[in-house]
Amino acid sequence: MQMKPGEVKGAGAEAPTGTLGTAMRILRSEGVRGLYAGFSAGFTRQLTYGTIRIATYETLKHHFTPSSTTSTPASPLTLTLLASLSGFLGAIPGNASDIANIRMQNDASLPPHKRYNYRHVLHAWSSMYRSDGLFFWTKGILPNAFRCAMMTGCQLGSYDIFKGLFGGLVSRDQREGVIVHTGASLGAAFVATTVCSPVDVVKTQLMGGGGEGKRSVLRVVADLTKSDGVLWVFRGWLPSFVRLGPQTVATLILLEQHKKVYRGLMGVADY
């Protein structure tokens with residue numbers, strides 16, 4: 001039987017559930033440090049997947065979409081496809097960090113004899129190499145790559161779509177302002193979290209391990225549906241949005257400021 005959100009394997013019925021209950025359990029059992037489990041792996045993942053997908057998307061958008069000075073903007077479908085391709089490509093070098101991040105975050109919910117006890121991302125990689133061989137980093141790579149394609153397509157593609165919509169509601173000199181960027185970022189985070197929620201649940205089940213052996217995507221979906229019903233697709237939606245919302249706003253606003261500075265220094269026209 002699959003665990004419910006916040007439930008600890010081996011725990012009794014009194015185990016806390018939900019986002020707040022899970023956070024309080026972690027604080028009581030592990031302290032503040034427990035909230036940062038997997039920090040090194042998450043940081044490494046952002047250095048690989050995070051930077052590659054954004055750089056690839058901006059490059060593809062520059063080459064395959066009309067200039068913003070023309071009367072024909074890029075279509076939503078074009079933006080979404082370019083962003084999806086960028087996410088797929090970025091997921092490949094980021095997969096090893098993703099596995100380590102998921103395992104380190106889920107470790108406390110496993111029985112002691114099934115825990116990985118990784119100290120940091122390098123220790124995780126070396127341990128996985130010894131146990132799974134040279135291709136340890138490919139575990140769950142296809143579901144993860146498609147998930148990253150969906151996430152980036154929804155996040156970056158919808159950001160540009162929302163930005164165009166919100167920009168049409170304000171004066172021309174406010175279209176590149178913080179208000180438009182923030183609103184578009186929050187809209188993009190909502191869309192990305194909702195669309196990618198089912199894939200996130202399946203990816204976590206596949207990468208988490210815990211000694212349950214290899215399972216196919218269809219087997220994971222069948223098990224989740226049997227234990228939780230169809231609502232499993234929204235398992236963990238709130239903590240995902242709480243994480244993704246601020247991250248999306250910070251990332252895309254900083255990206256806009258970086259592009260503005262770069263264009264000013266290099267004399268590059270907007271696109």
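Using the six-membered ring where Trp is involved, F43 and F39 have ring planes that are parallel, under 30° apart on the 30 and 60° scheme. Relative ring orientation between F241 and F190 is described as perpendicular, the plane-to-plane angle rising above 60° on a 0-90° scale split at 30° and 60°.
A salt bridge does not link E58 to R53: none of the charged nitrogens lies less than 4.0 Å from a carboxylate oxygen. Here D107 does not pair with K114 in a salt bridge; the nearest charged N to carboxylate O distance is not below 4.0 Å. With respect to K139 and D132, no salt bridge is recorded, no charged nitrogen being found less than 4.0 Å from a carboxylate O. By the 4.0 Å N-to-carboxylate-O rule, D98 lies close enough to R45 to be salt-bridged with it.
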Please report the C-alpha distance between I54 and T251 in whole Å, then the side-chain angles of each, then the deciding distance to 0.1 Å, and finally whether the side chain to side chain contact (heavy atoms under 4.5 Å, CB included) criterion is met. CA-CA 10 Å; I54 291 177; T251 299; 3.6 Å; yes

Determine, stepwise, if the pair L186 / V249 fulfils side chain to side chain contact (heavy atoms under 4.5 Å, CB included). CA-CA 6 Å; L186 288 173; V249 172; 3.7 Å; yes

Would you sort out whether T80 and S84 count as a side chain to side chain contact (heavy atoms under 4.5 Å, CB included), showing the intermediate values? CA-CA 6 Å; T80 301; S84 298; 4.1 Å; yes

Test side-chain hydrogen bond (donor to acceptor under 3.5 Å, both in side chains) on T248 and Q155; report intermediate values, then the result. CA-CA 8 Å; T248 302; Q155 192 179 47; 2.7 Å; yes

Where do V170 and R175 land on the side chain to side chain contact (heavy atoms under 4.5 Å, CB included) test, with the steps shown first? CA-CA 6 Å; V170 299; R175 291 177 184 174; 4.0 Å; yes

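The neighbour count for L169 CG, taken as heavy atoms of other residues, nucleotides or ligands under 6.0 Å away, is above 12.
Two residues are said to be in side-chain contact when any heavy atoms from C-beta on lie closer than 4.5 Å; L79 and K61 meet this criterion. Within the 4.5 Å cutoff, the side chain of C148 has heavy atoms near those of the Y49 side chain. A 4.5 Å side-chain heavy-atom check between V220 and V217 finds every atom pair outside the cut-off. Proximity of H120 to W125: side-chain heavy atoms (C-beta onward) are nowhere separated by under 4.5 Å.
For T78 and S75, the side-chain atoms include at least one donor-acceptor pair closer than 3.5 Å. Counted by atom type alone, Q205 and R219 present zero donor-acceptor pairs between their side chains at under 3.5 Å.
Rounding to the nearest 0.5 Å gives a distance of 9.0 Å between OG of S197 and CH2 of W237. Rounded to the nearest 0.5 angstrom, S97 OG and W137 CH2 are separated by 12.0 Å.
At distances below 3.5 Å, at least one donor-acceptor pair connects side-chain atoms of S86 with backbone N or O atoms of Y57.
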